[in-house]
Amino acid sequence: MTQVTDSQVLAIVPARFASTRFPGKIIAPLEGKPVVYHTYLRVLEAKLVSRVLIATDDERVVDALRPYDVDVVMTRADHACGTDRIAEVAEKSDASIIVNVQGDEPLIVPQTIDDTIRPLLNEPDVVMSTARHRITDEKRINDPNTVKVVCDQLGHAMYFSRLPIPYIRDGADRIQPYECYWQHVGLYAYRRDFLLRYAAMPQTPIETLEKLEQMRVLENGYTIAVVNTEYEGLGVDTPEDLEEVKTILAAMQKDK
């Protein structure tokens with residue numbers, strides 16, 4: 001266990017043990033080590049991150065990570081979402097930027113983390129940033145578990161939805177699906193003071209309808225910068241996902 005100390009950019013990896021579809025997935029073995037540990041190592045490679053912490057609510061996660069040199073903090077168990085969990089940790093830190101990296105994404109690309117942080121360094125008016133990946137699989141366009149995002153000409157989010165957006169009214173036969181659909185990647189960077197305000201905001205109408213908490217930011221009139229990435233955002237939500245990640249990692253090892 002560790003205490004939170006100052007850093008310029010603090011990356012927090014929320015590691016909740018409970019999961020409806022795959023309980024304990026966060027510490028499921030992947031190449032002999034917990035899934036979340038692989039995520040932690042990836043985040044450490046990001047050049048703009050000063051420090052990485054794993055935030056959990058369960059001693060089983062702490063026990064699973066005990067053999068490794070990992071910074072772990074315990075949080076309350078009653079948080080409704082990962083944002084609330086990282087806000088609890090951020091409240092005790094003086095970091096100016098907080099990054100939220102989902103613990104069940106052991107394939108996260110360090111470059112994508114850096115790219116997501118940069119808008120906060122370069123655009124003073126931006127309080128939050130995230131990433132998107134162009135969808136090339138038509139099935140994913142209609143999959144409600146694949147969140148879509150549309151942006152304005154400045155690369156700022158206009159709307160997030162589980163439905164295919166934008167809707168192509170005319171000329172659908174001339175437009176390939178992958179030309180206009182983008183998958184939202186659940187990676188976030190925040191200014192610390194905004195994160196604390198955001199976590200304290202009540203839920204908003206569209207957020208409740210879509211079950212997408214990032215809509216709370218847009219509904220309150222704030223800007224979310226969105227960067228493009230080749231990373232597809234493959235998380236471990238089911239045992240089948242874990243097997244797919246194992247296959248990908250094995251292929252990556254062969255290519256080295």
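The structure presented is a predicted model; accordingly, all values stated were derived computationally and were not measured.
Hydrophobic clustering (ILVMFWY, side-chain heavy atoms < 4.5 Å, transitive): I113 and M252 are in one cluster. L163 and I206 end up in different hydrophobic clusters when Ile, Leu, Val, Met, Phe, Trp and Tyr side chains are linked at under 4.5 Å.
Among residues two or more places apart in sequence or in another chain, the side-chain contact (heavy atoms from CB on, under 4.5 Å) test is passed with T204 by E207, R216, E219, N220. Scored by the side-chain hydrogen bond (donor to acceptor under 3.5 Å, both in side chains) test, D63 finds R66 as partners (sequence neighbours excluded). Taking A87 as the reference, L195, L196, A199 meet the side-chain contact (heavy atoms from CB on, under 4.5 Å) condition, with sequence neighbours excluded. For D84, there are no side-chain hydrogen bond (donor to acceptor under 3.5 Å, both in side chains) partners at least two apart in sequence or on another chain. Remark: N228 engages R132 in a side-chain hydrogen bond (donor to acceptor under 3.5 Å, both in side chains) (not counting sequence neighbours). With sequence neighbours excluded, the residues that form a side-chain contact (heavy atoms from CB on, under 4.5 Å) with V127 are F194, Y222. Here S161 pairs with E210 under the side-chain hydrogen bond (donor to acceptor under 3.5 Å, both in side chains) rule; sequence neighbours left out. A search for salt bridge (Lys or Arg N to Asp or Glu O under 4.0 Å) contacts involving D58 returns R60, not counting sequence neighbours. Judged as a side-chain contact (heavy atoms from CB on, under 4.5 Å), and not counting sequence neighbours, the contacts of K211 are R162, T208.
Annotation: M201, atom CE; neighbour count of heavy atoms from other residues, nucleotides and ligands within 6.0 Å is above 12.
Proximity of a side-chain donor or acceptor of T75 to a complementary backbone N or O of T56 within less than 3.5 Å is detected. Side chain of T130 to backbone of L187: a donor-acceptor contact under 3.5 angstrom is found.
Sorted by first and then second residue, the pairs that involve residues 147-157 and meet side chain to side chain donor-acceptor pair (under 3.5 Å), not counting sequence neighbours, are E123-H156. Sorted by first then second residue, the side chain to side chain donor-acceptor pair (under 3.5 Å) pairs that include residues 33-42, not counting sequence neighbours, number zero. Listed by first then second residue, pairs satisfying side chain to side chain donor-acceptor pair (under 3.5 Å) with a partner in residues 230-243 read K25-D237, E105-Y231, R140-E232, T238-E240, T238-D241, E243-K246, not counting sequence neighbours.
For the pair A55 and R85, the tightest heavy-atom approach, listed with the atom from each and the gap, is O-CD, 3.6 Å. Contact detail for P164 and I141: the closest heavy-atom pair is CG-O, 3.3 Å. Minimum interatomic distance between P34 and A64 (heavy atoms only, all atoms of both residues): CG-O, 3.8 Å. Across all non-hydrogen atoms, the minimal contact from V61 to A15 is CG2-O, 3.9 Å. Listed here is the closest heavy atom pair of V49 and D114: N-OD1, 4.4 Å.
Put simply, the residue from V226, I224, V227 that forms a side chain to side chain contact (heavy atoms under 4.5 Å, CB included) with C151 is V226.
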Item checked: Residue pair D57, R76: steps toward the salt bridge (charged side-chain N to carboxylate O under 4.0 Å, His left out) verdict -> CA-CA 6 Å; D57 61 349; R76 302 199 321 266; over 6 Å; no
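Residues I27 and F17 have side chains in contact (heavy-atom distance under 4.5 Å, counting atoms from C-beta outward). The closest side-chain heavy-atom distance from E138 to Y181 is not below 4.5 Å. Within the 4.5 Å cutoff, side-chain heavy atoms of I168 are placed close to those of C180. Put simply, the side chain of L30 reaches to within 4.5 Å of the side chain of L249, judged on heavy atoms. For the pair V99 and T116, the minimum side-chain heavy-atom distance is 4.5 Å or more. At least one side-chain heavy atom of L242 sits under 4.5 Å from a side-chain heavy atom of V35.
A salt bridge links D71 with R51: the closest approach of a Lys/Arg side-chain nitrogen to an acidic carboxylate oxygen falls below 4.0 angstrom.
For the residue pair S96 and R192, no side-chain donor N or O sits within less than 3.5 Å of a side-chain acceptor on the partner.
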